[in-house]
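In what follows, a structure is listed as structure tokens, so that the remarks can point back to it.
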Amino acid sequence: MAHVVFTQQLKRFTEVPEVDTPAATLREALQAAFDRNPRLRGYVLDDQGHLRPNVVVFIDGRRSRERVLLNDALTLDSQVHVLQALSGG
Amino acid sequence: MTATRAWAATRKGLFELQRSSRSWDVARVSFLAEPVSMVLPPIGGSGRMLAALNLGHFGVKVHASDDAGVTWREVDTPTYPPQPEGAEGPAWKLVQIWSMEAIHGAIWAGTLPGGLFKSSDGGEHWQLVDSLWSRPERLGWFGGGYDVPGIHSILPHPTRPGELLLGISCGGVWGSREGGMQWELQAKGMRADFMPPDQAGDENTQDPHLIASCAAVPTAVWCQHHNGIFRSTDGSQRWQELKPPITGFGFAVAAHPREPGTAWFAPAVKDEKRVPVDGALFVHRTRDGGQTFEALRTGLPQKDCYDLVYRHGLVVDDTGRSLLMGSTTGNLWASDDAGESWVEVSGHLPPIHAVRFG
């Protein structure tokens with residue numbers, strides 16, 4: 001099960017669940033978290049479902065560069081970290 | 001009635017101001033350290049109010065209060081529909097809520113990149129006004145101060161529901177007379193020096209920094225434009241340029257609630273020099289429909305002052321006597337004599353995006 005963790009910076013705005021999911025792609029994994037807290041979606045993705053410019057995702061230690069389709073492949077052991085990018089701060 | 005409560009939406013929080021024996025005091029801070037781009041004061045005597053946040057990393061959010069700002073909860077954010085493939089113009093993504101007005105049971109929100117949203121349930125849910133968004137002229141709009149165009153002024157007609165005037169940087173002035181279903185470009189007479197000379201009169205690319213109308217005589221409309229001060233006496237059908245003696249540049253304008261010939265402006269030197277003239281801050285006031293202007297300076301810094309009053313930084317209350325003026329340097333001043341004299345409320349607030357009574 002891929003494990004998805006969100007920056008605790010988000011806790012001051014909304015609930016940030018840690019999820020374990022059999023998702024095969026990043027988008028599916030994020031959706032698993034959004035299913036637990038629909039409000040979380042708008043903090044991570046924009047109106048068009050793209051990753052917000054100042055949010056960054058690391059998958060197994062590698063920064064994801066695909067910000068539109070969010071189709072990075074996950075394994076059952078993947079560790080996904082959704083963080084705020086310093087660019088926005 | 002003289003206002004006893006006001007709000008300052010700032011770069012680092014929403015400040016509630018209460019009138020005190022001295023002038024105004026900060027009574028409460030909400031969203032401390034978060035950027036608040038606009039506030040909608042309690043609507044029609046209720047405690048219902050809205051705050052628009054523009055979080056640096058996590059986007060635009062709207063919060064609602066039902067107890068006049070004591071407690072808040074997040075509500076839906078205006079969201080653009082899926083962008084059709086190949087659609088021209090700016091991305092269909094919300095950048096900022098720049099204006100909010102409530103009247104006749106509706107709340108209107110003006111945004112960057114130029115979409116108008118409407119809520120009929122107190123801001124819980126929002127709908128893009130497609131009749132404006134789908135106008136082909138929208139693709140001729142461009143950013144003024146931001147990368148994308150934005151609706152900063154929403155002037156609902158006080159008695160005719162659905163009749164609005166919008167000010168757009170840079171997209172001119174638009175009027176609706178069909179409940180928001182039909183729109184008409186209404187910027188005749190404005191002048192844009194930033195355009196090629198033969199397009200200076202193009203209504204669709206004017207940059208009205210802010211428009212404001214007289215509540216009692218809504219056909220009296222004022223515009224602080226990128227290229228000067230303009231006035232309309234026929235509800236924005238035609239605009240006449242005015243000639244203030246010192247400078248016509250600035251961002252803010254406040255219209256007297258009952259006297260159609262009276263308005264206040266917060267000048268700066270010029271486009272490429274956005275600071276007070278000679279380091280001395282003053283407020284321009286006209287009481288004769290723009291034929292003459294007074295420079296009101298009493299109580300305002302007259303030396304080494306570099307404050308800029310942005311679009312929503314100057315307001316007048318329902319009496320036409322009390323004004324508040326906040327700057328991007330975080331200074332806030334108040335007047336209780338129609339601008340004749342001012343007192344400093346605070347010199348240490350965060351950069352002020354908007355001040356509002358209510």
Side-chain angles (χ1 to χ4, degrees), chain A residues 4-19 25-59 63-71 80-89, chain B residues 11-14 29-36 51-64 72-97 109 111-117 124-128 130 133 146-148:
Chain A
V4 185
V5 181
F6 293 86
T7 173
Q8 293 305 295
Q9 296 271 10
L10 275 170
K11 275 181 74 174
R12 69 185 194 274
F13 302 118
T14 191
E15 183 193 346
V16 279
E18 283 191 29
V19 296
T25 68
L26 173 59
R27 185 174 289 282
E28 291 171 17
L30 293 174
Q31 187 58 51
F34 301 155
D35 289 344
R36 296 263 296 274
N37 176 14
R39 195 70 83 189
L40 181 60
R41 177 187 172 89
Y43 285 84
V44 178
L45 306 182
D46 64 27
D47 307 43
Q48 302 302 319
H50 307 162
L51 199 64
R52 289 197 173 279
N54 301 123
V55 171
V56 63
V57 175
F58 284 86
I59 302 171
R63 183 166 57 86
S64 172
R65 294 191 178 89
E66 210 305 304
R67 308 180 66 86
V68 173
L69 299 175
L70 307 180
N71 59 358
V80 178
H81 289 270
V82 181
L83 305 174
Q84 66 175 37
L86 289 181
S87 59
Chain B
R11 175 72 177 78
K12 293 180 186 289
L14 174 65
V29 187
S30 300
F31 312 109
L32 182 61
E34 308 299 347
V36 182
L53 277 54
N54 196 5
L55 306 177
H57 297 84
F58 304 117
V60 174
K61 307 291 174 239
V62 180
H63 286 249
W72 296 88
R73 65 181 173 83
E74 188 177 346
V75 292
D76 276 2
T77 301
T79 303
Y80 285 85
Q83 182 167 356
E85 196 168 331
E88 295 180 54
W92 294 25
K93 297 180 178 184
L94 182 61
V95 174
Q96 180 172 307
I97 294 176
T111 72
L112 300 149
L116 178 70
F117 287 81
E124 296 287 335
H125 305 92
W126 300 88
Q127 188 72 39
L128 177 67
D130 190 63
W133 186 247
Y146 292 89
D147 292 341
V148 293

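These numbers come from the heavy atoms of this one structure, side chains and all, not from hydrogens, waters or symmetry mates. Because the structure is a prediction, the values reported are computed rather than measured. We name chains A, B, ... by the order of the sequence lines, and we start the count at 1 in each one.
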- Item | Interface moiety of B:V75 toward chain A, non-hydrogen atoms closer than 4.5 Å | backbone
- Item | Separation between NE2 of B:H57 and CD of A:Q9, rounded to the nearest 0.5 Å | 7.5 Å
- Message: Once rounded to the nearest 0.5 Å, what's the spacing between atom CG of B:L55 and atom CG of A:N54?
- Response: 11.0 Å
- Would the number of heavy atoms belonging to other residues, nucleotides or ligands and lying under 6.0 Å from CG of B:D130 be above 12? yes
- Query: Considering residues, nucleotides and ligands other than B:Q127, do more than 12 of their heavy atoms fall under 6.0 Å from its CD?
  - Reply: no
- Message: Quick check for you: to the nearest 0.5 Å, what is the distance between B:L94 atom CG and A:Q48 atom CD?
- Response: 11.0 Å
- So A:F13 and B:F58, would you call those rings parallel, tilted or perpendicular, with 30° and 60° as cut-offs? perpendicular
- Task: Check the surroundings of atom CZ in A:R65: do more than 12 heavy atoms from other residues, nucleotides or ligands lie under 6.0 Å from it?
- Result: no
- More than 12 heavy atoms of other groups within 6.0 Å of A:R27 CZ: yes
